[in-house]
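Before any comments, here is the structure.
Counting starts at 1 for both ligands and their atoms, following the listed order.
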Amino acid sequence: MRLIFCLLVAAASANLLADDGYRLWLRYDPIADTQLRNTYARQLGRLYVEEGTDTTSATLAVTLRELRNGLQGLLGSGMLTGTSEDGKPGLTLARVSDGEVGPEGYRLQQNAGGLRLSASDDAGFLYGTFHLLRLLQTGSSLDGLDNTEEPAKEIRILNHWDNLDGTVERGYAGFSIFDWHTLPEVIDQRYIDYARACASVGINGSVVTNVNANALIFRDDYLDKAAALADVFRPYGIKLYLTARFSAPMELGGLDTADPLDADVIAWWKEKADEIYKRIPDFGGFVVKANSEGQPGPNEYGRTHAQGANTLADALAPHGGIVMWRAFVYGSNPDDDRAAQAYDEFVPLDGQFRDNVLVQVKNGPIDFQPREPFSPLFGATPETPLLLELQITKEYLGQGTHLVGLAPLFAEVLDADTYRGGAGHTVASTVTGLAGVSNVGTDRNWTGHPFNQADWYAFGRLAWEPTLTPEAIYTEWAAMTWSHTAAVQDAVTEMLLASREICVNYMTPLGLAHLMATGHHYGPGPWVANLGRPEWNPAYYHRADSAGIGFDRTATGSNAVAQYAPEVRDRFADPATCPEDLLLWFHHLPWDYQMDSGNTLWTELCLKYQSGVEGTEWLAEKWAALEGEVDAERFTEVSQLLKVQQREAAWWRDASLAYFRSLNGLPLPEGVPEPAHDVEYYKGLRYPYAPGIAPQW
Ligand code: BDP
């Protein structure tokens with residue numbers, strides 16, 4: 001009797017076994033609902049291959065392995081190989097023409113014999129298989145299924161800010177997963193699992209080195225190492241890219257210039273490209289950060305960004321490679337509004353870039369802040385294709401310890417209407433692809449905070465289909481990552497959806513930005529005003545004094561608002577029509593300015609900070625209610641991290657309000673507690689070992 005009881009308990013809690021998060025959303029644990037499991041097993045019991053469909057490629061090999069492993073785990077039974085005499089239902093793979101299903105796309109269709117997965121290329125089978133597994137993982141019915149999917153964007157790429165020494169700039173999840181020391185011989189299982197995870201959400205490119213680049217990557221032995229990674233990625237439809245240091249012809253090639261118009265420099269890049277393609281025939285190309293934050297670039301030789309980019313583009317063009325030239329540059333005049341600099345540099349260059357150059361633009365005009373308006377560059381360069389760069393690693397949104405879901409931020413910028421060429425020209429519709437700064441590291445669960453996995457997931461899903469809603473994405477992710485139970489999925493989704501706004505409120509409400517402490521960007525530092533360039537200082541961004549706060553970017557100030565299409569410009573330029581969540585981005589207003597709520601600006605600001613702190617308490621309560629519903633290991637980890645977030649949200653509120661109050665002398669409104677310390681205390685805090693700091697910071 002006792003034994004039977006033990007067995008029953010063991011079975012009931014089988015799906016709550018400790019989980020270290022390594023498997024990400026590809027857990028493939030048995031589906032608890034037996035009826036559903038049996039239905040799937042009936043529908044997918046056999047694997048058929050339609051005549052003329054070649055399944056011998058490396059991509060099909062990994063695809064079929066994933067399928068078999070996935071089904072074995074989810075259904076507890078593998079797939080049999082079907083033959084025409086069987087007459088049993090199953091999954092049929094069918095290669096079709098690209099007129100029927102486009103590149104990388106697939107069609108999943110239920111038919112009398114079970115299910116048919118058709119694609120015109122190997123990648124289509126790969127993505128279609130992950131889609132099918134996702135349907136099973138989320139408990140979706142296959143009945144009546146007929147779904148054709150093609151990626152909306154052709155470039156869906158991760159940027160790793162990983163250094164060759166193993167550190168990760170702005171990395172909050174350990175060290176780089178790429179071990180350059182032991183490559184090319186040692187192929188860590190992580191490389192394979194990384195490629196699987198990327199492919200499962202449609203990511204098809206990986207830039208494995210930091211934008212603050214090291215020329216050493218172009219040395220022969222490092223190129224061999226890079227080639228070994230490219231070999232791992234290839235079957236998963238992922239192209240490898242590298243960052244190119246503009247001065248590499250000098251540092252590695254021994255030339256005395258890196259002038260992009262110098263004949264020897266041109267020859268050096270051509271030769272380098274040839275060497276790379278000899279090792280990596282499908283090499284994707286270069287990402288370049290030039291003339292920004294100490295990185296070398298063409299401006300040093302009196303050349304433009306277009307001239308610089310074109311020299312590299314010409315070297316890659318014969319091989320089909322591309323250059324992704326970053327728009328995150330600093331203008332020559334430090335007195336220019338920081339928010340205006342990228343537009344001012346790049347719009348005049350429109351039409352001057354080679355066809356294989358894309359300009360990579362951060363989502364906002366400044367720098368991955370908790371909230372920014374979309375960059376005015378989107379849609380403003382009709383002859384230059386653009387990539388949208390998002391930061392998946394949360395340098396400015398709680399780094400590795402805060403629960404902050406980025407899908408709402410990503411969707412906000414993708415959906416923003418640029419009005420370039422009329423209404424309805426969203427940022428998503430103007431870009432050729434998406435680049436996401438990766439949050440992956442050697443932590444066992446890849447991303448530090450277990451919920452940070454959702455940002456990697458959401459980035460991939462949105463790059464594939466930018467119109468997906470954050471809610472739909474999170475519901476999928478929650479089902480695959482946490483539990484088959486609707487209550488858990490709902491709670492996780494609700495928390496993720498609310499969390500970004502909560503973070504904005506306790507860090508930078510009402511359109512404030514860049515108030516983080518210097519260097520590591522960990523914690524508040526709104527008082528900082530002593531850094532080398534004016535636009536590195538938080539005080540430059542908030543401009544608070546005894547009378548008011550905010551950056552006037554209208555005609556009476558920097559007029560950066562004029563960089564937007566007239567419809568957008570006019571809405572932002574008038575405080576009455578400017579969205580309140582961007583108010584202080586565009587306007588400098590007196591502390592007693594009347595907000596829509598009837599509160600003064602000061603009262604509203606204080607209440608926003610307070611609501612951010614209360615939001616973290618709400619997150620903790622929501623999570624606490626899931627005890628016993630998710631595995632204890634991850635439950636505890638998240639609970640503990642939520643404590644950090646609560647403490648740090650209060651720190652943000654207290655330090656920010658103590659500082660602003662030291663300028664305006666106003667009392668705190670009811671409901672907002674007295675800061676725990678005076679402003680001098682917060683100014684004195686130092687965090688020399690905060691993670692993610694690169695040597696140059
Ligand atoms: C900033 C980061 C810095 C990056 C830079 C960039 O603090 O580490 O190098 O962006 O995007 O936000 O190049």
Please list every donor-acceptor pair under 3.5 Å in which a side-chain atom of residues 448-456 meets a protein atom from a residue at least two apart or in another chain.
unit_1 : atom_1 : unit_2 : atom_2 : d
His449 : ND1    : Phe451 : N      : 3.0
Asn452 : OD1    : Lys394 : NZ     : 2.8
Asn452 : ND2    : Thr447 : O      : 3.3
Gln453 : NE2    : Gly21  : O      : 3.0
Gln453 : NE2    : Asn445 : O      : 3.1
Asp455 : OD1    : Leu406 : N      : 2.8
Asp455 : OD2    : Lys394 : NZ     : 2.2

For His521, the ligand 1 atoms whose distance to one of its heavy atoms is below 4.0 Å =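 Those qualifying, in numeric order: 7 (O).
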Tyr396: numbered ligand 1 atoms lying under 4.0 Å from its heavy atoms |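 Answer, ordered by atom number: 1 (C), 7 (O), 12 (O).
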Contact check: [X] vs ligand 1, nitrogen or oxygen atoms, below 3.5 angstrom:
X	answer
Lys289	yes
Asn212	yes
Asp367	yes

Proximity flag Arg326 to ligand 1, non-hydrogen atoms under 4.0 Å |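 Contact check Arg326 vs ligand 1: positive.
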Hey, is Glu372 close enough to Lys362 for a salt bridge, meaning N to O under 4.0 Å?
->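 No, Glu372 and Lys362 are not salt-bridged.
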If hydrogens are left out, which of Glu389, Lys362, Glu293, Glu169 has an atom nearest to atom 10 (O) of ligand 1, that is, the closest non-hydrogen atom?
->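 Residue with the shortest heavy-atom distance to the ligand atom: Lys362.
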Using 30° and 60° as the class limits, which term best fits the ring planes of Trp161 and Phe368: parallel, tilted or perpendicular?
->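 Geometry flag for Phe368 against Trp161: tilted rings.
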Does the gap between the ring centers of Phe178 and His160 come in under 6.0 Å?
->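 Yes: the rings meet the under 6.0 Å criterion.
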Does NZ or CZ of Arg170 come closer than 6.0 Å to the centre of the six-membered ring of Tyr172, within 45° of the ring's axis?
->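 No, Arg170 does not lie over the aromatic ring of Tyr172.
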Who are the side-chain contact (heavy atoms from CB on, under 4.5 Å) partners of Ala315, not counting sequence neighbours?
->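 Ala315: side-chain contact (heavy atoms from CB on, under 4.5 Å) contacts with Trp269, Lys270, Ala273.
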